[in-house]
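Please read the structure below before turning to the comments.
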Amino acid sequence: MPSPDIITVSQLARLIGTPEAPVIVDVCVDDDFNADPRLIPGSFRHPFSDIEALMPRFQGHRVVVVCRKGHKLGQGAAALLRTNGIAAESLEGGVVAWHEAGEPAVPATAIPPRRESGETLWVTRHRPKVDRIACPWLIRRFVDPSARFLFVAPAEVMDVADRFGATPFDVEGVFWSHRGEECSFDTMVSEFGLGTEPLKLLATIVRGADTDRHDLAPQAAGLLAASLGLSRMYRDDLRQIDAGMLLYDAFYRWCRDAVDEGHDWPTGKVKA
């Protein structure tokens with residue numbers, strides 16, 4: 001049984017993608033990381049020797065420290081954080097155990113450059129409906145929890161991207177956009193190495209809602225209805241993202257945990 005200050009791969013995997021996910025910091029040395037430059041979803045890299053510099057960022061959060069095999073660097077950095085009042089654990093077996101378990105990992109090269117303050121910055125068209133809420137949800141839950149999003153007039157997206165160093169998405173002619181019959185959410189699931197069964201199912205639902213192909217999944221019509229309702233409820237696109245996070249949290253948990261569960265009335269009715 002792991003010690004109280006150790007979290008297992010299966011325990012961490014259940015938390016990632018949910019609002020309860022911890023802050024995950026990767027303290028692998030450069031040589032180890034460069035041998036396999038992939039990140040546990042939602043994690044970021046930071047030198048183990050400078051771990052206390054992150055104290056302000058960690059206040060009030062649960063933290064998981066990850067090193068290559070879960071030994072001295074991860075356990076030492078987590079212990080140092082605990083002496084400063086941070087609820088910190090290390091990952092049992094480290095990134096080696098994570099990869100051996102077949103859990104998804106995000107290629108570091110797929111993540112856009114971070115700003116000096118540490119977060120990625122994205123830009124797209126204003127007044128989002130489906131894809132432009134789904135993509136920020138995916139990024140914040142699985143790639144960069146601190147990501148920021150700019151919503152501007154369609155004609156200004158590329159100039160804003162250029163002037164502010166933001167990554168454009170869900171507009172024509174850019175990398176992070178529709179490809180053939182697939183939508184921008186599909187592109188991100190693929191490029192970020194997040195092709196788990198729950199996320200592939202969610203991608204099908206998003207695609208059906210975003211491209212008016214409700215035949216792809218029965219849930220697509222409901223997602224579209226909820227998305228259009230949110231777009232009428234909020235004039236502020238950032239407030240709409242905040243509300244949409246809960247919507248996609250619910251759809252993701254259904255895709256992951258509840259696809260086989262039904263509901264009927266009266267309860268206990270015997271089916272013919």
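Quick caveat: nothing in here was measured; it's all calculated off a predicted structure.
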Test log, rule side-chain contact (heavy atoms from CB on, under 4.5 Å), inputs C255 and I205: CA-CA 10 Å; C255 290; I205 297 170; 3.9 Å; yes

Kindly compute the distance separating OG1 (T167) from CD1 (I139), expressed to the nearest 0.5 Å. 8.5 Å

Do M158 and L121 share a hydrophobic cluster (ILVMFWY, side-chain heavy atoms under 4.5 Å, transitive)? yes

State, with a plain yes or no, whether a side-chain heavy atom of L202 is found less than 4.5 Å away from one of W254. no

Run the numbers on T187 and E182 for side-chain contact (heavy atoms from CB on, under 4.5 Å), then give the verdict. CA-CA 7 Å; T187 297; E182 296 191 337; 5.6 Å; no

Minimum heavy-atom separation for V130 and L224, please, with both atom names. CG2-CD1, 4.0 Å

With the side chain counted from C-beta on, respond yes when R62 and E89 share a heavy-atom pair under 4.5 Å apart, and no when they do not. yes

Charged N to carboxylate O under 4.0 angstrom, D237 versus R132? no

Where G244 and L230 come nearest, the two heavy atoms and their spacing: CA-CD1, 4.0 Å

Is any side-chain heavy atom of V66 closer than 4.5 Å to a side-chain heavy atom of S43? no

List in chain and number order the residues that pass side-chain hydrogen bond (donor to acceptor under 3.5 Å, both in side chains) with Q240, two or more places apart in sequence or in another chain; answer none if no residue qualifies. none

Say whether, by atom type as modelled, one donor and one acceptor occur between the side chain of D186 and the main chain of C183 under 3.5 angstrom. yes

Backbone N or O of D30 within a donor-acceptor pair of the N34 side chain at under 3.5 Å? yes

Do the non-hydrogen side-chain atoms of I40 and L91 ever get within less than 4.5 Å of each other? yes

Does a sphere of radius 6.0 Å around CD in E261 hold more than 12 heavy atoms from other residues, nucleotides or ligands, not counting ones at 6.0 Å or beyond? no

Could you go step by step and tell me if S146 and R57 meet the side-chain contact (heavy atoms from CB on, under 4.5 Å) rule? CA-CA 11 Å; S146 63; R57 181 172 180 174; 4.2 Å; yes

So F44 and H46, would you call those rings parallel, tilted or perpendicular, with 30° and 60° as cut-offs? perpendicular

Please step through side-chain contact (heavy atoms from CB on, under 4.5 Å) for the pair V189 and L138, ending with a clear verdict. CA-CA 8 Å; V189 167; L138 185 76; 4.0 Å; yes

Backbone N/O of V9 and side chain of E92: donor-acceptor pair under 3.5 Å: no

Going hydrophobic residue to hydrophobic residue with side-chain gaps under 4.5 angstrom, can you get from M245 over to L228? yes

Note: R14-D257 ion pair, threshold 4.0 Å (strictly below): yes

Same cluster (ILVMFWY, side-chain, under 4.5 Å), V157 and F175: no

Are the side chain of S227 and the backbone N or O of L223 linked by a donor-acceptor pair below 3.5 Å? yes

Relative to Y248, does R141 satisfy both conditions: NZ or CZ under 6.0 angstrom from the six-membered ring centre, and within 45 degrees of the ring's axis? no

Counting C-beta onward and ignoring hydrogens, is there a side-chain heavy-atom pair between I7 and L15 closer than 4.5 Å? yes

Minimum-distance pair of heavy atoms, taken over all atoms of N84 and L80: ND2-O, 3.0 Å

Is there a path of hydrophobic side-chain contacts, each under 4.5 Å between heavy atoms of I, L, V, M, F, W or Y residues, that connects V152 with I241? no

Rounding to 0.5 Å, atoms NZ (K200) and CZ (R207) come to a distance of 11.0 Å

Contact check, side chains of I111 and V106, non-hydrogen atoms, under 4.5 Å: yes

Do H126 and P154 make a side-chain contact, defined as non-hydrogen atoms from C-beta onward lying under 4.5 Å apart? yes

When rounded to the nearest 0.5 angstrom, what is the spacing between CG in L39 and CH2 in W98? 11.5 Å

Distance, nearest 0.5 Å, that separates OG of S177 from CG of D131: 8.0 Å

R115 side chain reached by T120 side chain, heavy atoms, under 4.5 Å: no

Rounded to the nearest 0.5 Å, what separates atom CE in M188 from atom CG in D170? 8.0 Å

Look up atom CD1 in I16 and atom CD1 in I24, then write down how far apart they are to the nearest 0.5 Å. 4.0 Å

Just say parallel, tilted or perpendicular for the rings of W137 and Y252, cut-offs at 30° and 60°. tilted

Any idea which heavy atoms bring A88 and R82 closest together, and the distance? O-NH1, 2.9 Å

Does R68 reach the main-chain N or O of G94 with its side chain, forming a donor-acceptor pair under 3.5 Å? no

Taking R45 for the side chain and C28 for the main chain, is one N or O donor matched with an acceptor at less than 3.5 Å? yes

Counting only heavy atoms not in K129 (residues, nucleotides, ligands), do more than 12 fall under 6.0 Å from its NZ? yes

What heavy-atom pair brings I6 and Q11 nearest, and what distance separates the two atoms? O-OE1, 4.4 Å

For residues F142 and V23: do they belong to one hydrophobic cluster (side chain heavy atoms under 4.5 Å, members Ile, Leu, Val, Met, Phe, Trp, Tyr)? no

Minimum heavy-atom separation for V123 to A161, with atom names? CG1-CB, 3.8 Å

Give a yes-or-no answer on whether the side chains of T124 and W122 include a donor-acceptor pair shorter than 3.5 Å. no

